[in-house]
Amino acid sequence: KAGVTQTPRYLIKTRGQQVTLSCSPISGHRSVSWYQQTPGQGLQFLFEYFSETQRNKGNFPGRFSGRQFSNSRSEMNVSTLELGDSALYLCASSLSTVGGGNEQFFGPGTRLTVL
Amino acid sequence: ILNVEQSPQSLHVQEGDSTNFTCSFPSSNFYALHWYRWETAKSPEALFVMTLNGDEKKKGRISATLNTKEGYSYLYIKGSQPEDSATYLCATIQGAQKLVFGQGTRLTINP
């Protein structure tokens, strides 16, 4: 079974631009969660989508948004990029919601650099 | 404010020795605790999902225990091998139904 895939793997943008990251979950998984990893803050939860609905959202500004499609693929968008948005963005999929005690499987991440 | 703490932050262990580290979390509104292993240049890999007080789980040489009443979990590695070198993360789900991660314990196994 193919694992979680994320595209692109690396991205360089400038301040003020916007970016869209994509995540394809493991086949049959209906929940996709997004995380931001920075050296200072560690892994922080962005949001979780299940059956095309946002189930939960972390403490991030409204510039961070996401969506999930009917095939469970998910995208996250960051508008008006700031230098502090430079990070590794990880997505993870699970059969059902994380709150239900389901194991998560992580993708390789997208490394975003904002100049 | 929810706070998941892991100790120690880093650990150096001789190959063949056993080791353990701790994840502490608020004991109220507990739903589940996850342990992950994150090797450099790889994705975090799920080790255990634990939900019940007193849970003990084992995978090969790695095991974990959970005490939800006092708010801690221990991860044990028996007979450490170089391939065990990684950052070990714990994360809890409490109340708000979202995972909150600790800062991790960076484990280095010296051959």
Side-chain angles (χ1 to χ4, degrees), chain A residues 1-7 9-10 21 23-26 29 31-50 53-60 64 66 87-111, chain B residues 1-10 21 23-25 29-55 57-59 62 64 66 68 73 86-106:
Chain A
K1 199 182 249 190
V4 178
T5 58
Q6 291 186 246
T7 56
R9 293 293 310 280
Y10 302 92
L21 312 182
C23 173
S24 293
I26 291 172
H29 285 194
S31 170
V32 173
S33 297
W34 288 90
Y35 299 89
Q36 181 196 64
Q37 201 259 348
T38 56
Q41 298 294 321
L43 258 181
Q44 291 190 289
F45 171 78
L46 279 156
F47 22 67
E48 180 186 14
Y49 286 88
F50 177 76
T53 301
Q54 187 180 89
R55 293 272 303 179
N56 241 313
K57 191 176 189 325
N59 297 327
F60 281 83
F64 290 81
L88 178 68
Y89 291 88
L90 289 165
C91 84
S93 76
S94 53
L95 278 170
S96 187
T97 60
V98 174
N102 289 278
E103 186 179 21
Q104 287 190 117
F105 296 83
F106 281 83
T110 295
R111 172 76 61 185
Chain B
I1 296 176
L2 187 63
N3 199 19
V4 179
E5 296 182 354
Q6 293 187 245
S7 62
Q9 285 189 334
S10 66
F21 26 93
C23 173
S24 302
F25 53 89
N29 296 321
F30 174 86
Y31 279 84
L33 181 137
H34 293 225
W35 278 104
Y36 293 90
R37 173 171 59 202
W38 196 355
E39 295 177 67
T40 304
K42 293 188 177 180
S43 309
E45 173 197 356
L47 289 173
F48 306 112
V49 178
M50 308 172 77
T51 56
L52 298 175
N53 184 46
D55 250 354
K57 297 221 172 177
K58 188 175 179 183
K59 184 185 285 190
I62 303 176
L66 178 65
T68 62
S73 175
T87 296
Y88 291 81
L89 293 167
C90 74
T92 66
I93 298 174
Q94 297 182 238
Q97 297 284 297
K98 51 191 177 184
L99 269 180
V100 177
F101 282 84
Q103 294 291 326
T105 293
R106 185 189 299 264

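Reminder, nothing fancy here: chain letters follow the sequence lines and each chain counts from 1. Computed from a predicted structure; not experimentally measured.
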Minimum-distance pair of heavy atoms, taken over all atoms of B/Q103 and A/Q41: NE2-O, 3.5 Å
If I take atom NZ from residue B/K98 and atom CZ from residue A/R55, how far apart are they, to the nearest 0.5 angstrom? 13.0 Å
A/S33 side chain near B/L99 side chain, heavy-atom distance below 4.5 Å: no
May I ask you to check whether over 12 heavy atoms, not counting those of B/Q9, lie within 6.0 Å of atom CD? no
Measure A/Q37 against the heavy atoms of chain B and call it side chain, backbone, both or neither at under 4.5 Å. side chain
At a 4.5 Å cut-off on heavy atoms, which part of B/L33 comes close to chain A: side chain, backbone, both, or neither? neither
Spatial distance of atom CZ (B/F101) from atom OH (A/Y35) [nearest 0.5 Å]: 5.0 Å
Given heavy-atom pairs under 4.5 angstrom as the criterion, report whether the side chain, backbone, both or neither of B/F48 touches chain A. neither
Please rank A/G109, A/P108, A/G58 by heavy-atom pairs under 4.5 Å with chain B and give me the top one. A/P108
One should read off an interatomic distance between B/Y36 OH and A/L43 CG, to the nearest 0.5 angstrom, of 9.5 Å
Who wins among A/E48, A/Q104, A/Q44 for the most heavy-atom pairs under 4.5 Å with chain B? A/Q104
Mind ranking B/P44, B/G102, B/A41 by heavy-atom pairs under 4.5 Å with chain A and telling me who comes out on top? B/P44
For A/G107 and B/S43, which heavy atoms make the closest approach, and how far apart are they? O-OG, 2.8 Å
Would you say that more than 12 heavy atoms from the other residues, nucleotides or ligands in this model lie under 6.0 Å from the NZ of B/K59, or not? yes
